Participant: 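Quick one: this structure, given as structure tokens, is what I'll be asking you about.
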Amino acid sequence: MCGELRLSADGEQVVVMGWVNRRRDHGNLIFLDLRDRAGIVQIVLDKELCPEAHAKAEAVRPEYVVAVQGKVRRRDAAAINPNMPTGEIEIDVDELRVLNDAKTPPFSPAEEAIGNEELRLKYRYVDLRRPAMQENMILRHKVALAIRQYLSGEGFLEIETPFMTRSTPEGARDYLVPSRVHPGEFYALPQSPQMFKQILMIGGLDRYFQIARCFRDEDLRADRQPEFTQIDLEMTFPQQETVFRVVEGFLTAAFREAGITLSTPFPQITYDDAIRRFGIDKPDMRLPELTDVRSEFEAAELESLKIEPGLPIVAIAIPNKQAMSNTQKKAFIKEVETGLGPDLAYLDVERLASSAQYAGLSERIDRAVAANCKLERIEPEHRLVVVSPRLGANKSRDHAWIYKKAGQLRLELAKRFREEHGAFEKKGTAEDYKFLWVTDFPFFEWDEESKKWTFAHHPFTSPHEDDLQAGRMESNPGAVRALAYDIVLNGIELGSGSIRIHRQEVQQQIFHSLGMSEAEAKERFGFFLEALEYGTPPHGGIALGLDRIVMILAGAQSLREVIAFPKTAKAVDLMVDAPSPATEMQLKELHIQRRRS
RNA sequence: GGGGACGUAGCUCAGUUGGUUAGAGCGCUGCCCUGUCACGGCAGAGGUCGCGGGUUCGAGCCCCGUCGUCCCCGCCA
């Protein structure tokens with residue numbers, strides 16, 4: 001390969017093939033940079049030494065595909081290019097063959113900075129020639145391979161599950177596939193292989209995994225594509241910790257491929273603690289946590305500062321944040337308060353510190369935050385944002401609400417002051433990757449729209465045995481914890497899993513407590529409830545987003561950088577121009593009539 | 001479904017208060033050049049200012065609509 005040649009090949013006769021990256025024409029001497037997946041090598045065409053090849057090279061343009069026969073030669077000391085891996089050698093050409101010419105591409109793969117993503121997606125084959133894209137594809141391959149090898153080594157079997165399956169009403173919107181044979185009926189593409197992998201456990205296949213494509217017809221984001229790839233796995237007889245060790249194992253193997261040595265086990269936090277300490281269920285551990293400084297306030301201080309005494313007062317530390325001018329600060333406070341809404345206020349610690357009345361309070365706040373966030377030095381007068389509930393705030397505002405608001409603000413501030421706090425800067429070590437297990441998610445979620453309790457995870461997740469025993473399903477659904485867990489990396493949810501329900505009567509009870517009748521449950525999940533009756537082992541598993549893992553490892557800002565053929569924010573493939581209308585013929589066969597709209 | 005940013009040469013972008021012939025860099029084409037590696041020099045071609053409508057004596061610029069790309073909220077069990 002072009003990019004692999006080194007000084008060790010000096011004197012060897014070689015044939016290399018690739019794309020012309022750049023051409024430098026000096027008249028009687030032409031240099032071609034030849035590019036393939038492995039890199040770039042310089043070809044020399046001297047009119048005196050090889051007039052035929054030189055003549056052909058005069059017509060060669062960037063992105064032509066050429067084959068070159070010649071001799072690898074050590075460059076003169078003055079001609080060595082230290083910026084290239086192949087910079088110590090070049091190839092003296094005996095014969096040059098143009099295998100194919102090329103139109104001038106809309107953008108050059110040789111350029112580092114490429115702006116227009118629309119063009120990149122339309123001409124993806126040109127974009128994929130760029131070394132940056134090729135590195136991402138290679139990284140993705142290595143990561144997937146390492147995970148396969150690890151899981152296989154741990155006794156997991158890779159088993160495929162159907163793409164054409166049954167629609168279930170819960171969860172994300174399904175992509176539907178019309179059936180020709182059954183008029184008016186549809187398959188659905190899987191949102192995940194959830195029920196199939198559980199059936200595999202019931203089928204005695206012990207340990208299953210799959211690098212599985214999943215489909216969700218929901219609106220896109222930078223980290224969400226309508227089709228994406230999950231590392232899906234399930235095992236029998238697991239504790240939560242068993243699943244954690246497997247995931248930590250394959251992630252360690254995957255990160256090793258990117259030159260990162262992770263240390264395991266990853267830290268754990270319960271959902272409740274995550275909300276209290278970070279105001280979010282997927283905390284970014286690169287940033288300091290929230291500090292409830294309510295206990296530092298005396299009653300008189302609360303009163304004179306017009307603070308609601310029954311609620312938390314939350315301080316957000318921003319290390320290394322620089323002081324702002326008065327004008328800047330004024331605008332800043334106004335902006336923050338607008339975001340906080342009418343029930344919360346910005347408490348200016350800097351002002352408190354400069355008044356005799358509150359100097360003591362501000363010192364106590366500083367100390368509390370420094371201790372809580374384990375910050376060595378804190379000069380908090382201009383480095384803290386404190387959110388306090390206004391006296392007479394809406395009665396429905398609870399602790400969790402304030403933590404969540406503060407959590408949002410914590411992330412906004414982190415983005416805004418990213419240069420100053422430096423927590424997002426990559427060092428190229430394991431320090432850049434802060435993994436976290438979040439456990440004990442609530443089992444139910446209150447749905448404001450339908451005024452009903454609904455699944456927080458999915459309906460096959462097992463509740464905590466204690467909560468079941470205590471009868472909380474009926475008495476206090478909001479307090480029931482699930483044996484569900486998420487794995488979080490740098491504030492991004494990488495994956496989610498649970499220990500499943502394996503007893504039919506528990507499954508029935510769950511459906512019942514969700515207000516689902518027996519008939520309804522049977523209609524929706526009948527085959528699955530039946531399977532549970534035929535000797536179901538305890539089982540559990542997890543699924544992780546492969547695209548997201550590779551995105552983070554590649555340092556990319558969007559999944560599109562690590563997917564060969566991604567879709568736009570409107571779910572369009574610009575290269576093949578999909579989706580596209582079906583012909584009348586196709587529709588007729590599928591028993592579909594277009595609605596006039 | 002909602003909010004925001006962007007759309008001018010093949011590409012990246014500039015274009016003042018609405019004013020006469022819309023510019024730059026890169027790329028492209030031709031010529032010159034034997035040590036370049038983002039080669040260099042000279043010359044040249046290249047525009048439905050996303051699209052439609054409106055205001056105006058006059059619109060790249062103002063207004064309305066629309067399409068596309070990106071980001072965010074909703075949504076994503």
Side-chain angles (χ1 to χ4, degrees), chain A residues 21-35 40-49 54 58-59 61-63 73 75-84 86-90 92 103-123 126 168-174 191-192 194-195 214-226 228 339 408 411-412 415 441-445 447-449 453-461 482 484 493 496 498 510 514 524-525 543 545 557-558 560 566-572 574 577:
Chain A
N21 197 57
R22 279 203 171 87
R23 173 175 171 273
R24 289 177 294 280
D25 186 347
H26 291 235
N28 290 328
L29 184 69
I30 297 174
F31 298 99
L32 295 181
D33 289 343
L34 205 58
R35 182 190 68 234
I40 290 171
V41 71
Q42 174 164 284
I43 312 294
V44 187
L45 297 115
D46 192 315
K47 194 171 187 178
E48 271 176 32
L49 298 178
H54 180 273
E58 291 196 309
R61 292 292 178 271
E63 299 313 307
R73 190 169 60 84
R75 295 195 198 180
D76 294 340
I80 287 174
N81 183 347
N83 302 319
M84 290 172 73
T86 62
E88 288 180 285
I89 52 113
E90 60 196 6
D92 277 335
K103 284 168 69 175
T104 302
F107 58 92
S108 166
E111 295 294 326
E112 294 250 341
I114 308 286
N116 190 336
E117 196 164 1
E118 213 173 330
L119 270 183
R120 289 178 54 200
L121 291 174
K122 182 166 181 198
Y123 299 95
V126 177
T168 50
E170 279 75 23
R173 207 174 285 115
D174 287 316
Q191 298 171 24
S192 82
Q194 184 60 37
M195 280 194 262
C214 304
F215 306 87
R216 293 180 188 174
D217 187 4
E218 297 292 344
D219 288 343
L220 281 71
R221 289 285 189 285
D223 62 352
R224 267 162 37 188
Q225 283 271 314
F228 60 101
Q408 284 168 16
L411 291 179
E412 277 167 38
K415 255 188 236 168
F441 274 77
F443 193 85
F444 296 108
E445 223 164 48
D447 184 30
E448 265 307 314
E449 219 169 288
W453 289 102
T454 121
F455 319 112
H457 191 59
H458 61 59
F460 314 115
T461 298
E493 183 195 319
S496 186
S498 64
I510 301 297
L514 287 161
R524 290 190 188 183
F525 305 107
Q557 294 303 308
S558 155
R560 293 183 300 275
K567 296 190 172 49
T568 69
K570 284 224 171 93
V572 169
L574 291 175
D577 195 20

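Note that this is a predicted model, so its numbers are computed, not measured. To find a chain, count down the sequence lines: A is the first, B the second, and so on, and within it residues start at 1.
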Participant: List for me each residue that meets ring pair (Phe, Tyr, Trp, His ring centres under 6.0 Å) alongside A/His54, sequence neighbours excluded, and say none if there are none.
Facilitator: none

Participant: With distance as the sole test, does A/Arg35 use its side chain to make a donor-acceptor pair with the main-chain N or O of A/Asn21 at under 3.5 Å?
Facilitator: no

Participant: Hey, could you give me the CD/CZ distance between A/Glu88 and A/Arg73, rounded to the nearest 0.5 Å?
Facilitator: 13.5 Å

Participant: Looking only at side-chain atoms of A/Ser558, point me to the closest of B/C37, B/C76, B/C71.
Facilitator: B/C71

Participant: For A/Glu48, which contact category applies under a 4.0 Å heavy-atom criterion: base, sugar-phosphate, or nothing?
Facilitator: base

Participant: Rounded to whole Å, please give me the gap between NZ in A/Lys415 and P in B/G4.
Facilitator: 18 Å

Participant: For the P atoms, the ones on B/C61 and on B/C6, what distance do you get once it is rounded to whole angstrom?
Facilitator: 15 Å

Participant: Between protein and nucleic acid, restricted to nucleotides 27-29 of chain B and to nitrogen or oxygen atoms under 3.5 Å apart, what atom pairs and distances do you find?
Facilitator:
from: B/U29; atom 1: OP1; to: A/Arg61; atom 2: NE; distance (Å): 3.1
from: B/U29; atom 1: OP2; to: A/Arg61; atom 2: NE; distance (Å): 3.4

Participant: Could you work out, with ring pair (Phe, Tyr, Trp, His ring centres under 6.0 Å) as the rule, every residue matching A/Phe441, not counting sequence neighbours?
Facilitator: A/Tyr271

Participant: Tell me what A/Arg524 touches on the nucleic acid: a base, only sugar-phosphate, or nothing, going by heavy atoms under 4.0 Å.
Facilitator: nothing

Participant: Between B/G74 and A/Arg173, is there an OP1 or OP2 to side-chain N/O distance shorter than 4.0 Å?
Facilitator: no

Participant: Using the C1' atom as the point on both nucleotides, what is the distance between B/G3 and B/G74, in whole Å?
Facilitator: 11 Å

Participant: Who passes side-chain hydrogen bond (donor to acceptor under 3.5 Å, both in side chains) against A/Gln225, sequence neighbours left out?
Facilitator: none

Participant: Which parts of nucleotides 40-46 of chain B does protein reach within less than 4.0 Å, heavy atoms only, written one letter per nucleotide 5' to 3' as B for base, S for sugar-phosphate only and - for none?
Facilitator: -------

Participant: Students often get this wrong, so: under 4.0 angstrom with heavy atoms, is A/Ala79 touching a base, only sugar-phosphate, or nothing?
Facilitator: base

Participant: Under a 3.5 Å cutoff, is there a donor and acceptor pairing between the side chains of A/Asn28 and A/Glu48?
Facilitator: no

Participant: Output the single nucleotide from B/C37, B/C76, B/G10 whose closest atom is nearest the side chain of A/Arg224.
Facilitator: B/C76

Participant: Might you list the N or O atoms of the protein lying below 3.5 Å from N or O atoms in nucleotides 1-3 of chain B, with each pair's distance?
Facilitator:
from: B/G1; atom 1: O6; to: A/Asp219; atom 2: OD2; distance (Å): 3.4

Participant: Please identify each residue that fulfils ring pair (Phe, Tyr, Trp, His ring centres under 6.0 Å) with A/Phe525, with sequence neighbours left out.
Facilitator: A/Phe460, A/Phe511

Participant: I'd like to check the salt bridge (Lys or Arg N to Asp or Glu O under 4.0 Å) partners of A/Arg224; sequence neighbours left out, ordered by chain and number.
Facilitator: none

Participant: Taking atom C1' in both B/U66 and B/G19, what distance in whole Å separates the two?
Facilitator: 29 Å

Participant: What is the distance from CD of A/Gln557 to P of B/C70, rounded to the nearest Å?
Facilitator: 15 Å

Participant: Restricting to nitrogen or oxygen on both sides, can you table the protein-nucleotides 12-14 of chain B pairs closer than 3.5 Å?
Facilitator:
from: B/U12; atom 1: OP1; to: A/Asn116; atom 2: N; distance (Å): 3.4
from: B/U12; atom 1: OP1; to: A/Asn116; atom 2: ND2; distance (Å): 3.4

Participant: Select one nucleotide: of B/U34, B/A38, B/U36, the one nearest the side-chain heavy atoms of A/Asp46.
Facilitator: B/U34

Participant: Can you name the residues that form a ring pair (Phe, Tyr, Trp, His ring centres under 6.0 Å) with A/Phe31, not counting sequence neighbours?
Facilitator: A/His26

Participant: Please classify the nucleic acid contact of A/Glu118 as base, sugar-phosphate, or nothing, using heavy-atom distances under 4.0 Å.
Facilitator: sugar-phosphate

Participant: A/Leu45 CG to B/C33 P: how many Å, rounded?
Facilitator: 17 Å

Participant: Starting the side chain at C-beta, find the nucleotide from B/C76, B/G35, B/C37 nearest to A/Val44.
Facilitator: B/G35

Participant: For A/His26 and B/C39, do the ring centres fall under 5.5 Å apart while the planes stay under 30° apart?
Facilitator: yes

Participant: Under 4.0 angstrom, heavy atoms only, what part of the nucleic acid is A/Arg560 near: base, sugar-phosphate, or nothing?
Facilitator: sugar-phosphate

Participant: Could you go step by step and tell me if A/Arg216 and A/Asp174 meet the salt bridge (charged side-chain N to carboxylate O under 4.0 Å, His left out) rule?
Facilitator: CA-CA 6 Å; A/Arg216 293 180 188 174; A/Asp174 287 316; over 6 Å; no

Participant: To the nearest 0.5 Å, what is the distance between CD1 on A/Ile40 and CG on A/Leu34?
Facilitator: 9.0 Å

Participant: Rounded to whole angstroms, how far apart are CG on A/Asn81 and P on B/C39?
Facilitator: 11 Å

Participant: Consider the side chain of A/Glu218, meaning its heavy atoms from C-beta on, and name the nucleotide among B/C72, B/C37, B/C76 that approaches it most closely.
Facilitator: B/C76

Participant: Under 4.0 Å, counting only non-hydrogen atoms across every strand here, what does A/Glu58 touch: a base, just sugar-phosphate, or nothing?
Facilitator: nothing

Participant: Picking from B/U34, B/C72, B/C70, which would you name as closest to the side chain of A/Asn28?
Facilitator: B/U34

Participant: Taking any strand in view, what nucleotide pairs with B/A38 in a Watson-Crick or G-U wobble way, both distances under 3.5 Å?
Facilitator: none

Participant: Let me spell it out: for each of A/Phe31 and A/Leu574, pick the nucleotide of RNA chain B with the closest heavy atom. Which residue's pick is nearer the 5' end?
Facilitator: A/Phe31

Participant: Do the side-chain N or O atoms of A/Lys47 get closer than 4.0 angstrom to the phosphate oxygens (OP1, OP2) of B/U34?
Facilitator: no

Participant: So does A/Ile43 get a backbone contact from the side chain of A/Glu90, meaning a donor-acceptor N/O pair under 3.5 Å?
Facilitator: no

Participant: Would you mind pulling out the nucleotide paired to B/U69, Watson-Crick or G-U wobble, both distances under 3.5 Å?
Facilitator: B/A5

Participant: Taking the C1' atom of each, how far is B/U29 from B/C70, in whole Å?
Facilitator: 34 Å

Participant: Considering residues at least two apart in sequence or located in another chain, which fulfil the side-chain hydrogen bond (donor to acceptor under 3.5 Å, both in side chains) criterion with A/Arg61?
Facilitator: none

Participant: Could you say whether A/Val572 or A/Asp76 is positioned toward the 5' end of RNA chain B, judged by the nucleotide with the nearest heavy atom to each?
Facilitator: A/Asp76

Participant: Choosing from B/C76, B/G35, B/A38, which nucleotide comes nearest the side chain of A/Arg216?
Facilitator: B/C76

Participant: Do side-chain atoms of A/Ser498 reach the backbone of A/Thr461 as a donor and acceptor pair under 3.5 angstrom?
Facilitator: no

Participant: Quick one: is A/Arg24 getting a side-chain N or O under 4.0 Å of the B/U36 phosphate, OP1 or OP2?
Facilitator: no

Participant: Tell me whether A/Arg22 is salt-bridged to A/Glu111, with the criterion being a basic N under 4.0 Å from an acidic carboxylate O.
Facilitator: yes

Participant: Just jot down the side-chain hydrogen bond (donor to acceptor under 3.5 Å, both in side chains) partners of A/Arg524, sequence neighbours excluded, or say none.
Facilitator: A/Glu170, A/Glu520

